[in-house]
Amino acid sequence: MPNLPSSLLRDQIMMSQPEIMSLACRAARGAGYSWGMAEEAGFAAVWLAHYGFDWADTLLARLSGPRGSAFVPQSKAWRSAGPVCGLHAGVTLADFATLPEGPLGSGVTIGAALDPVCLLPFVARIVARADVPLDVYCDRHIWVRLGQTGVHLSDLNLNSRSSAMISVRPAPANKTDAPPREHHQTAHVSKRVYDHLETLALHMTVPATAQSLSGAGAAGSDSD
Amino acid sequence: MTCAPLSPMPQAARYRRTPADVMHLSRLGLSHPTRLSFLRILLRRMQAENWQFDRPVFDVDARGVGRAVYCAKGPDRTYSLVAFGHDLPAGMRSDRVIATAWDATFALFDGVPDAADLDRLAANVPAQEAGRVTSKELTLSRANRSVRLFDQVVEALSKGAQPDAKILAATGYLMRTTAVYGSGKFGAASHDSIATRPELATPFQAEMLTVWLVRAFTVDLVEHMARLRGGDIAVPLAPALRRRLGVGNSTGLGMAPFLVRHPILLNNWVMAREEALARVRSLPVASAAETACFHTALASAQDNANKWASSHPVQMTRLTDLRSGLAKLATHIEQDWNKDGTHPWNALWLWGEDHLPIEAQEALLALLLEPQGSIVDGLANCLTADEANSFAIDGAMSVENMRSILAENYGWALACDYTTRDECARFWYVSEDKLEPRLGERFDEDGADRELPLDIARRAAAFGAALQDRPAQEPIAHLLLEQPTHRPILRRVQITRKRPFAEIRNNLLSADLLPIDMLRCKLAFFGASRFDPRSDRWVRISLFQDCPFPDELASETGL
């Protein structure tokens with residue numbers, strides 16, 4: 001593990017969004033995700049932090065938990081043998097956004113998803129691109145409405161669910177009572193979770209060697 | 001996206017160079033700073049808005065140890081450089097990112113720091129990566145003295161004399177920065193959080209302001225130390241000598257992948273520069289004032305080329321090309337160029353393409369922009385990019401459409417055999433100790449299993465192969481679901497659909513890759529000059545050399 005800054009030895013670390021993006025991407029890659037999925041994990045972590053969700057615990061749970069079952073996107077209801085990875089399902093939902101397998105027609109049931117909060121950044125991506133408000137249902141209850149007015153969370157208790165049945169449907173015209181979530185440019189992370197994520201991230205880095213150190217710098221003296 | 005539909009000069013379109021002409025490192029790596037470079041944009045804005053500058057704190061001892069604050073006051077906001085001077089033993093002076101101590105450390109503060117802010121920064125900024133800043137800081141940086149020049153200047157000034165002009169010019173700076181971190185690094189404010197401010201919307205403006213104020217600090221520091229050493233005998237640095245000092249910068253591999261990781265920014269920077277050249281070439285006449293300005297700029301470029309020194313064999317050859325090319329250009333302008341003919345600037349450019357080496361062609365590009373601020377400077381508004389909005393993949397795009405874009409923008413990458421030793425000789429990775437990008441030798445070093453996805457050419461070829469057997473009308477989302485490894489390159493291909501200058505058209509794994517070409521390309525957009533490679537992956541440059549100091553800015557002409 002890299003030497004941690006002394007100021008990080010407190011219990012909480014305040015991180016900027018680029019730092020969150022970098023750490024999440026490196027940790028996902030270190031956990032064995034493909035580069036494309038690791039970059040999406042970075043995007044998702046920043047989005048979650050921006051809207052005040054617990055991005056770090058969610059990401060750590062996703063990266064260190066079960067990978068989830070394979071799934072096949074289909075119109076109306078996706079097919080899978082078991083709970084699917086919330087991150088992969090979210091990415092795929094956005095990829096299929098305007099296709100029959102996506103949510104923009106009459107909605108789609110994804111089924112059981114692990115760490116379902118990971119889906120939200122990708123639902124937001126669809127909303128931004130299609131300019132259509134969407135409701136995310138968790139176990140048949142409205143959980144989040146995403147639209148031009150922001151992110152409206154109806155049930156805070158669902159945020160920490162490790163698994164839930166998820167559906168995504170176009171939102172009706174009526175307004176939601178839930179206020180929009182506030183935006184944040186920075187986010188805290190506990191040192192414990194930070195350490196876990198950095199430990200995962202170590203698996204994508206390469207230890208220094210005499211050859212790598214000599215090649216990275218100038219030939220000759222630095223002083224002039 | 002492109003600014004082309006909003007162009008006030010649509011006639012320029014037919015004069016544009018193509019991405020195939022421009023996007024090779026054999027040309028990008030020979031880029032020169034232009035009036036669209038970021039430091040020029042900063043200076044023009046500060047002058048136009050009548051920014052004011054002061055130094056409310058300068059508490060430094062005879063060894064250069066202490067703190068100083070420099071304030072830059074714009075129409076809406078003030079930014080403050082907080083500088084810390086240190087007493088660094090000579091044996092600890094290193095420009096490498098692995099260094100842990102420096103002669104001076106800096107942060108650019110958003111506003112005017114109070115005593116508590118200064119104490120907080122004093123506890124963190126000198127530690128650099130081992131410290132922590134906050135969203136009230138925009139940059140974090142450090143610099144080392146030029147041992148040879150710094151002490152000589154202090155000594156001369158302390159005795160009431162000016163330093164030797166030749167020695168001063170040979171080095172060209174009192175300090176060189178070894179890193180200028182911005183955009184969220186180590187807790188600082190992210191660029192996105194400040195990009196709505198007009199003065200910071202153009203890329204790297206906070207970083208450029210930092211370096212410009214560091215330059216002022218370096219001169220104040222030698223004059224202050226000379227006064228403490230020499231008392232009343234000491235004199236300030238003569239303005240003409242001071243002017244020749246920039247801020248040195250040592251840059252290594254860490255900067256190289258930036259242009260690959262930010263394809264939309266690269267597109268916008270190159271496209272703005274190419275549009276500027278095209279606009280100048282499309283002008284039907286050359287006015288006397290424009291011609292005079294061009295002559296002045298050419299003379300200045302020749303002077304700069306003569307002072308530009310390097311002992312790196314690649315750069316020495318390029319400098320020979322530059323000096324001979326500029327001399328040839330000067331002769332052509334005096335003897336053959338018909339400045340009263342139709343489209344005279346285009347005629348000059350076409351002559352240059354036929355008669356000048358690439359190094360001098362790219363210098364000619366910069367020269368052609370100099371007299372044309374009225375049609376060039378507005379392009380500064382096209383340099384920024386909302387990258388987050390372009391991150392989403394269009395999964396509905398058909399395989400046929402993807403093939404078409406791939407063929408148009410990645411044809412250069414598709415025919416190569418990436419299994420041969422020379423074409424996959426290197427690999428990019430992140431170092432464990434500093435989390436910095438590095439370049440490894442695939443067949444000599446461990447770590448290729450942790451390779452970064454900077455193998456764009458190889459990935460494009462693999463993606464092209466994957467597309468071959470798919471139904472033409474199939475949405476690309478299906479391929480992504482089955483083969484997620486293609487996700488990064490698929491996104492890039494979609495980005496190039498409307499941004500044809502987004503990709504460096506070289507195999508970045510190749511045995512003959514010169515990373516210094518990637519560094520020079522980026523640094524030229526910053527406005528750097530006097531590129532002096534110290535290896536194939538490490539370069540020294542100068543920033544703000546021959547530029548005005550804060551007390552000269554208001555009266556400066558030709559910015």
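No hydrogens, no waters, no symmetry mates; every other heavy atom, side chains included, goes into these values. Every chain is numbered from 1, with letters handed out A, B, ... down the list of sequences.
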Test your reading of the model: is there a side-chain donor-acceptor pair from B:Arg487 to the backbone of A:Trp35, 3.5 Å cut-off? no
Residue, of B:Ala392, B:Ser135, B:Pro533, that accumulates the most heavy atom pairs under 4.5 Å with chain A: B:Ala392
Applying side chain to side chain contact (heavy atoms under 4.5 Å, CB included), run through B:Thr134 and A:Met14 and close with a yes or a no. CA-CA 8 Å; B:Thr134 71; A:Met14 179 75 85; over 6 Å; no
Measure B:Pro453 against the heavy atoms of chain A and call it side chain, backbone, both or neither at under 4.5 Å. both
Closest approach of B:Ala188 to A:Ser16 (non-hydrogen atoms, all atoms of both residues): O-CB, 3.5 Å
Are the side chains of B:Leu481 and A:Asp95 in contact, using a 4.5 Å heavy-atom criterion? no
Please look at B:Leu452 and chain A and tell me whether the side chain, the backbone, both or neither of the residue comes under 4.5 angstrom of a heavy atom of that chain. both
Counting only heavy atoms not in B:Glu482 (residues, nucleotides, ligands), do more than 12 fall under 6.0 Å from its CD? yes
Shortest non-hydrogen contact from A:Leu99 to B:Pro475? CD1-CB, 3.7 Å
Among A:Pro207, A:Ala94, A:Ser34, who wins on heavy-atom pairs under 4.5 Å with chain B? A:Pro207
Test item: A:Glu39 and B:Arg491 side chains (from C-beta on) under 4.5 Å apart, heavy atoms: yes
Let's test your reading of the structure: which of A:Pro18, A:Ser22, A:Ala201 forms the most heavy-atom pairs below 4.5 Å with chain B? A:Pro18
At a 4.5 Å cut-off on heavy atoms, which part of B:His191 comes close to chain A: side chain, backbone, both, or neither? neither
Do A:Met204 and B:Tyr429 have side-chain heavy atoms sitting under 4.5 Å apart? no
Can you tell if the side chain of A:Arg29 reaches within under 4.5 Å of the side chain of B:Arg450, non-hydrogen atoms only? no
Using atom types as modelled and distance alone, determine if a side-chain donor or acceptor of A:Gln17 lies under 3.5 Å from a backbone N or O of B:Gly184. no
If I measure from the heavy atoms of chain A, does B:Arg459 come under 4.5 Å with its side chain, its backbone, both, or neither? side chain
Do you know which of B:Asn389, B:Asp394, B:Ile489, B:Ile476 has the most heavy-atom pairs under 4.5 Å to chain A? B:Asp394
Okay, B:Ala388 and chain A: the region with an atom under 4.5 Å from a heavy atom over there is neither
Heavy atoms only: give me the nearest A:Thr98-B:Ala396 pair and the separation to one decimal. OG1-CB, 3.4 Å
Ranking A:Arg125, A:Glu40, A:His88 by heavy-atom pairs under 4.5 Å to chain B gives rank one to A:Glu40
A:Ala208 backbone acceptor or donor facing B:Glu432 side chain under 3.5 Å: no
What part of B:Asp446 gets within 4.5 angstrom of chain A, counting heavy atoms only: side chain, backbone, both, or neither? backbone
Would you check if A:Met15 and B:Arg132 make a side-chain contact, meaning some heavy-atom pair closer than 4.5 Å? yes
Evaluate the side-chain proximity of B:Leu435 to A:Thr205: yes if any heavy-atom separation is below 4.5 Å, no if none is. yes
Is the number of heavy atoms from other residues, nucleotides or ligands within 6.0 Å of CZ (A:Arg79) greater than 12? no
Please flag which part of A:His203 lies under 4.5 Å from any non-hydrogen atom of chain B: side chain, backbone, both or neither. both
Contact leader toward chain A among B:Pro488, B:Ala189, B:Gly447, where contacts are heavy-atom pairs under 4.5 Å: B:Pro488
